[in-house]
Amino acid sequence: MLDMVLHAGMLANRIRYWRPLERLARRPAEAQQHVLLRLLAANRGTRFGVEHGFADIANHRQYLDRVPVQEYEALRPYIDEQRRTGARSLTAESPIFYAQTSGTTGTPKHVPITPSALDQHRGEQALFSYLQYRACPGAFAGKALGIMGAAVEGHLDSGHVVGSVSGHLYQSLPRVVRSRFVVPPEVSSIKDYDLRYLVILRLALAEPDITYMGSPNPSTFLRLLDILTADRELLVRSLETGTLDRLEELDRPLRDAIAARLAPNPARAAVVGGPAEPTFATLWPRIRLVTTWTGGSCGIALDTLRPKLPAAAAVMELGYQSTECRGTIALAAETPGGIPPLHHHFFEFVEQTAWDAGRREFLTLEGLQSDTRYYIVVSTAAGLYRYFMNDLVEVTAFFHRTPLLRFVQKGKGVTNLTGEKLYEAQVIQAVRDTASRCGWTSSFFLLVADEQASAYRLYIEPDGGTQPDADETAAAVDRRLGELNIEYQAKRESGRLGALGVAWLRPGTADAYKAMAVRKGQRESQFKPAVLQYRKDLVLPIDEFVAR
């Protein structure tokens, strides 16, 4: 019966969400023009709209002339005024809640989520659910391990809720879909980082028939295995008894909600405590689909995760998305690109080399070319007009006449000590190639640019505690970076750039780094480790974690 209801729901999603987008993909210019004019008409009476002449804008060229590219700090006064006074400063609609992420100034960014923006998120999630179902129906045959943010994470001084979009989306899911999730949304409100993941793991271990897993960052799944290794005895005992002592640390309502899902399960206790190495393949052999980020630095953790999955499990890109908006929706499993929701947001692009050279030549979707990287600028129903995302995306293919995009790296993932302009993607490839050639693996590494020394130092937390020779590893990575970046090679050969060094990190450094980033305001569910950073920007005193 549930399968029939699910199938009917997916068919409805196909008709309501997929078919219209497929038609629009044949005429992206027309679709984007409609989105732009709709945004301008809806918000022309706001203070921002009046100041920038929204009422008189009829096309993209006029939009370029009237509205400069915005960063969050330029929009913050409008957002704060609307939040504190209720005035229509940025959007005609009053925000329902605010999503929080870290800001460049150290003050958190609060992105308004309006009713229209939330409806768009719901539509995009329904569309993605259908596309996942189309890609792998077997993933929907059993239970789902989904890890999401909390609908309510706190409140602002104005009384407004701060929460995650994923938490709000969960609340709007049909009951038949919610019943598949093994972890209730209440768990996401647990403040203690370690306890939250212990509870997630305990609830998941009780269910043998998980066929789907989803989380923005693949490192989350690796973290669950680490906890299982460290607390295996505790978890086996919990499965045997149906209790979990650490629940006493939680408030009564939350404790009761979790305890209601705990029950003695000797059969699962025997599996978890058995002789087999606990991996996702041994614990949940029927997993058929994992949805997560696959690009940028997340690809490092994914490489470590894949061997621990069942052989039949496919991976589907979660899509390029952030607190500000969802930028792509994957059409199939094991493909890097996704279609931009061109019916919801207005997209602009500047080719990477042009932007870096100071040329602001803005293109729209129909002007993009294959295998080319672009900085992306978005305009959304949440009041982000010509908002610079500081993200690099690449065109991987085309669906009808619409380019498919993949996230490459943050624009900040670029360092330049002596003119080498080293990119995060180059660092990831160089370390991966070296590790593969030398027979070691790592799911966390960090290349630090030291401006005072005019040199780079690579910090690596090796999987399994293996520590190859540091000098040989440094020489191999240094050589590979030179092959990938001719400017890096030139600066090294000239002596302007010092020799790269390597330091091995103690086990647990990746978790410490993530925990510190979260404490400093980065959203945990959207955490992406920046593989390439300047030393002055580090959130963790990384040298204190070097293995001695």
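Along the sequence shown, residues are numbered consecutively beginning with 1.
At a cut-off of 3.5 Å, with distance as the only test, no side-chain donor of Thr364 or Gln32 sits close to an acceptor on the other residue. Judged by distance alone, the side chains of Arg83 and Ser158 do bring a donor and an acceptor atom under 3.5 Å apart. Side-chain N/O atoms of Gln125 and Tyr170 include no donor and acceptor closer than 3.5 Å. Judged by distance alone, the side chains of His400 and Thr402 never bring a donor and an acceptor atom under 3.5 Å apart. A donor-acceptor contact closer than 3.5 angstrom links the side chains of His110 and Gln100. No side-chain N or O of Tyr423 forms a donor-acceptor pair with one of Thr415 less than 3.5 Å apart. Between Thr91 and Glu93, the side chains place no donor N or O within less than 3.5 Å of an acceptor N or O (distance only, hydrogens not considered). Side chain to side chain, Tyr78 and Glu51 meet the donor-acceptor criterion of an N or O pair below 3.5 Å. Defined by atom type and a distance below 3.5 Å, a donor-acceptor pair is missing between the side-chain atoms of Asn13 and Tyr133. Tyr375 and Asp356 share a side-chain donor-acceptor pair at under 3.5 Å. Side-chain N/O atoms of Thr114 and Ser116 include no donor and acceptor closer than 3.5 Å.
For the ring-ring contact (aromatic ring centres under 6.0 Å, His included) criterion with Phe97, the lone passing option out of His155, His121, His160, His168 is His168.
Checked against a 6.0 Å centroid threshold, the rings of Trp18 and Phe399 count as neighbours.
Ring planes of Phe444 and Tyr513: tilted class, angle from 30 to 60°.
Taking OG1 of Thr335 as the reference point, atom CG of Leu404 lies at 8.0 Å (rounded to 0.5 Å). Expressed to the nearest 0.5 Å, how far NE2 of His52 lies from CG of Asn43 amounts to 13.0 Å.
Remark: Glu487 does not engage Lys421 in a salt bridge, criterion side-chain N to carboxylate O under 4.0 Å.
In terms of heavy-atom proximity, Leu222 sits nearest to Ser443 at CD1-CB, 3.9 Å.
Within the cation-pi definition used here (under 6.0 Å to the ring centroid, within 45° of the axis), Arg373 does not qualify as a partner of Trp355. Under a cutoff of 6.0 Å and an axis angle of 45°, Arg223 and Tyr193 do not form a cation-pi pair.
A donor-acceptor contact shorter than 3.5 Å links the side chain of Arg196 to the backbone of Ile190.
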